Chemist: 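Below is the structure I would like to discuss, written out as structure tokens.
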Amino acid sequence: MVALALLLAAGIAMQLVSPQIIRWFIDTAKTESDTSKLTMAALLFIGVSLLTQAVRVVAAYIGENVGWVATNRLRGVVASHCLKLDLSFHKKHTSGAIIERVDGDINALANFFSSFVILLLSNLVLMAGILVLLFRENPLIGLAMTAFVVFAMATIQRIRRYAAPLWGRMRQISADFYGFLGEHLEGTEDIRANGATGFVMRRFHALLRDWLPVRLRAFAGFAAMWITTIAVFALGNSVAFAVCVYLWHRGEITIGAVYMVFYYTEQLSQPIEKIRQQLEDLQKADASIGRIRELLSTESKIQDGREEALLPDGPLSVEFDGVRFGYEEDSLTLSDLHFRLEPGRVLGLLGRTGSGKSTTARLLLRFYDPQEGSVRLSGVDIRSCRLHELRRRVGFVTQNIEIFQGSVRDNLTFYDPEIADGRIVSVLEELGLGDWLRALPDGLDTRLESGGGGLSAGEAQLLAFARVFLSDPGLVVLDEASSRLDPATEQKLELAISSLLRNRTCVIIAHRLATIGRADDILILEDGRILEHGERRKLLADPDSRFSRIMEAGMEEVLA
Ligand code: ADP
């Protein structure tokens, strides 16, 4: 910042000196026949001009650097803050809105951070410097040009007030348009399958129709502003000439001075324009700063626990003790959940859609905290241990498996360099993905597409298992994919689940009878309450139990 301020000061000084050199050149040329002075003046002018350009380049470089270092740090702070916020925040805010904060708003601040104060000050100093030099030349010129500056600022500010909202409206429409495109391109399969292409194109044209007039108006506004600015500066030049002609006729100034006044008047346009731009940036930055502060002051509802509470190695026991939970204050999704799962056992979680199975799983990972009661793993209340520790010891396989753009290795280890390649390969072998791995062109370095393009649903699920294996948790929560898989993949999955469950406690939201068959205990939920809970064998032996009816009639019949 100091270097930037010094460079800008040097730039201003040189800008103020140049016209003086020209005046001296012209006046010397008119009065003297000696060319050596003229040559010197010419060389001096060229030297100062070149130096001014060099200073400008270096100042721009430093300014950008300061701005980006500062905004990158802020980007980092805001992004990691967003990642720490709980899921209820992420449900309320779309990813688009968060990107707008982390990228759009912070971009708007880049200029503000880099140089706002310095640029504004330097432009004010340049303007004041020019006016002082004009006053020194002749008070009448100084007075006329000061009046012009005030008039120019007021006029440009006025016309801007008319043009600026048009741009805001245009940005809004273009955001709507790209949002629409993004959403519908993502849903191409569904749109085509449901024959909705016509509907989408209709909306597409409707958006374009809305866009055009706004765009035309915005450009008309822009043109009006541009033309007004040119007209105002032309007026400034005319005033300067008029005053100079008057003074020259009276013999009060030389022709060199006339040229110098003209040159200074030209130079005045720069600070007037820049100051207007800076004030505009200040308004934008003000709005952005407000939005970013609001985001940073949002606190996660999930507070990290204390360091000391460590979860033991090996399989963990699970205990729900009087858990009540609702996503909103006044709703109740789980009421009075009370059960215990011994270490190393497998719990099959059954229930209709919406009965609260996924919610129970989410509580185990502390994506949400219960409003009442507590969840304990091996006797430790999960609110008291560090989130990092909890999520290291509890593995979660969801129905929607996210594959990120990156190598197979990075997708499995999440960039943990501690995990050796040998281990990854042996885990993939164990899961029956050995052939798949060998068929990849670059082995573990093969790049996967984001969204898992190129992977079958079964492969994606097996990769998610591999992730869990590599972190070796004591409890696995498995929300089994409900989509049907081909028999060969089913068989692979069966084998993989067997390895996954070995020497671990497991909670499975099962959709296939084969998986339910592995459960030691069964818990059936209905409307967020426990309908039935017990050992699978005992429940199966009891012909009146809901579970034995499910096994007899099939899940779809009883739980539908
Ligand atoms: P299941 O997994 O048994 O199908 P869930 O646990 O997903 O059931 O859902 C239980 C209830 O909670 C449902 O009524 C569902 O609408 C509601 N619900 C689930 N997720 C959310 C959420 N993120 N925000 C608000 N309500 C939710």
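Predicted model, so just to flag it, every value in this text is computed and none were measured. Both counts, for ligands and for their atoms, begin at 1 and track the order of listing.
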Chemist: Kindly determine whether S374 and R376 satisfy side chain to side chain donor-acceptor pair (under 3.5 Å), including the steps that lead there.
Modeler: CA-CA 6 Å; S374 60; R376 286 194 288 272; 3.1 Å; yes

Chemist: Has R504 got its NZ or CZ under 6.0 Å from the middle of the six-membered ring of F469, at an angle within 45 degrees of the ring axis?
Modeler: yes

Chemist: How are the rings of F222 and F219 set relative to one another: parallel (under 30°), tilted (30 to 60°) or perpendicular (over 60°)?
Modeler: perpendicular

Chemist: Under 30°, 30 to 60°, or over 60°: which ring-plane class applies to W211 and F177, parallel, tilted or perpendicular?
Modeler: tilted

Chemist: Can you classify the ring geometry of Y327 versus Y368 as parallel (below 30°), tilted (30 to 60°) or perpendicular (above 60°)?
Modeler: perpendicular

Chemist: How would you list, by chain and number, the residues with a heavy atom under 4.0 angstrom from ligand 1?
Modeler: K91, Y327, T333, R352, T353, G354, S355, G356, K357, S358, T359, R362, Y368

Chemist: Taking C-beta and beyond as the side chain, do I524 and H533 meet within less than 4.5 Å on heavy atoms?
Modeler: no

